[in-house]
Amino acid sequence: MKKTDLIQRLTDNSNLAKSEAKLAVDLILERITQSIVSGEGVEIRGFGGFIKKHRKARQGINPKTSERTQVGEKYVPFFKPGKSLKEMVNKG
């Protein structure tokens, strides 16, 4: 599902105009992004949590050339699914 699909489904299942649904989705995604960047994280009960994880510097290998290279430390966004989401996915 793409962002435009999400906006369309929100429009179809509510009394919101398409522009209002787009604004709502944009605001939610912006706030989630800001919370992850600040280190605060986001937890949505039953769905999962978004956090910022630290990755240590490491030795990497270019798969095409087998050349070794140093990969610096960095932060990456991380999603941890909630228990009920995991159960729903496994039901198939």
Chemist: Starting from I32, can I reach L27 by hopping between I/L/V/M/F/W/Y residues whose side chains sit under 4.5 Å apart?
Modeler: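 Different clusters.
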Chemist: Which atom names give the shortest non-hydrogen contact between S84 and G46, and what distance separates them?
Modeler: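 Between these two residues, the closest heavy atoms are OG-O, 2.6 Å.
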Chemist: With a 4.5 Å cut-off on side-chain heavy atoms, are K56 and E73 touching?
Modeler: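 No - every pair of side-chain heavy atoms lies 4.5 Å or more apart.
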Chemist: Group every Ile, Leu, Val, Met, Phe, Trp and Tyr by side-chain heavy-atom contacts under 4.5 Å, then state whether V71 and I61 land in the same group.
Modeler: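 Different hydrophobic clusters.
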Chemist: Would you call I36 and I51 a side-chain contact if the rule is heavy atoms closer than 4.5 Å?
Modeler: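 The answer is no; the side chains never approach within 4.5 Å.
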Chemist: Could you check whether any side-chain heavy atom of K18 comes within less than 4.5 Å of a side-chain heavy atom of L10, counting everything from C-beta outward?
Modeler: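 With C-beta onward as the side chain, the pair stays apart.
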Chemist: Indicate if F79 and V76 have the same hydrophobic cluster label, given that clusters are the connected sets of ILVMFWY residues with side-chain heavy-atom separations under 4.5 angstrom.
Modeler: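 Cluster IDs for F79 and V76 differ.
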Chemist: In terms of ring plane angle, is the pair Y75 and H54 parallel, tilted or perpendicular, where the classes change at 30° and 60°?
Modeler: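 It falls in the perpendicular class, over 60°.
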Chemist: Do E40 and Q34 have side chains that get closer than 4.5 Å, going by heavy atoms?
Modeler: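 When only atoms from C-beta onward are counted, Q34 and E40 do not touch, as no gap falls below 4.5 Å.
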Chemist: In the structure I gave you, are the side-chain heavy atoms of V37 and K52 within less than 4.5 Å of one another anywhere?
Modeler: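 The answer is no; the side chains never approach within 4.5 Å.
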Chemist: Apply side-chain contact (heavy atoms from CB on, under 4.5 Å) to K22 and E20, showing your working.
Modeler: CA-CA 5 Å; K22 181 182 182 314; E20 294 172 324; over 6 Å; no
Chemist: According to a hydrophobic-cluster definition based on side-chain heavy atoms being under 4.5 Å apart (Ile, Leu, Val, Met, Phe, Trp, Tyr only), do L29 and L6 belong together?
Modeler: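 Yes, L29 connects to L6 through the hydrophobic network.
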Chemist: Between L16 and T11, is any pair of side-chain heavy atoms under 4.5 Å apart?
Modeler: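 No, their side chains stay 4.5 Å or more apart.
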Chemist: So, does N90 use its side chain to make a donor-acceptor pair with the main chain of K86 at under 3.5 Å?
Modeler: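 Yes; at least one donor-acceptor contact below 3.5 Å.
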Chemist: How long is the span from the CD atom in E30 to the OG atom in S35, to the nearest 0.5 Å?
Modeler: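 The OG atom of S35 is 10.5 Å from CD of E30, to the nearest 0.5 Å.
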Chemist: What closest approach, in Å, do L85 and F47 show between heavy atoms, and which atom pair accounts for it?
Modeler: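 Taking every non-hydrogen atom into account, CD2-O, 3.2 Å.
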Chemist: Hey, any chance F50 and V89 share a hydrophobic cluster, counting ILVMFWY side chains that come within less than 4.5 Å of each other, even indirectly?
Modeler: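 F50 and V89: one cluster.
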Chemist: So, K80 and E43, do they make that salt bridge, N to O below 4.0 Å?
Modeler: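 No.
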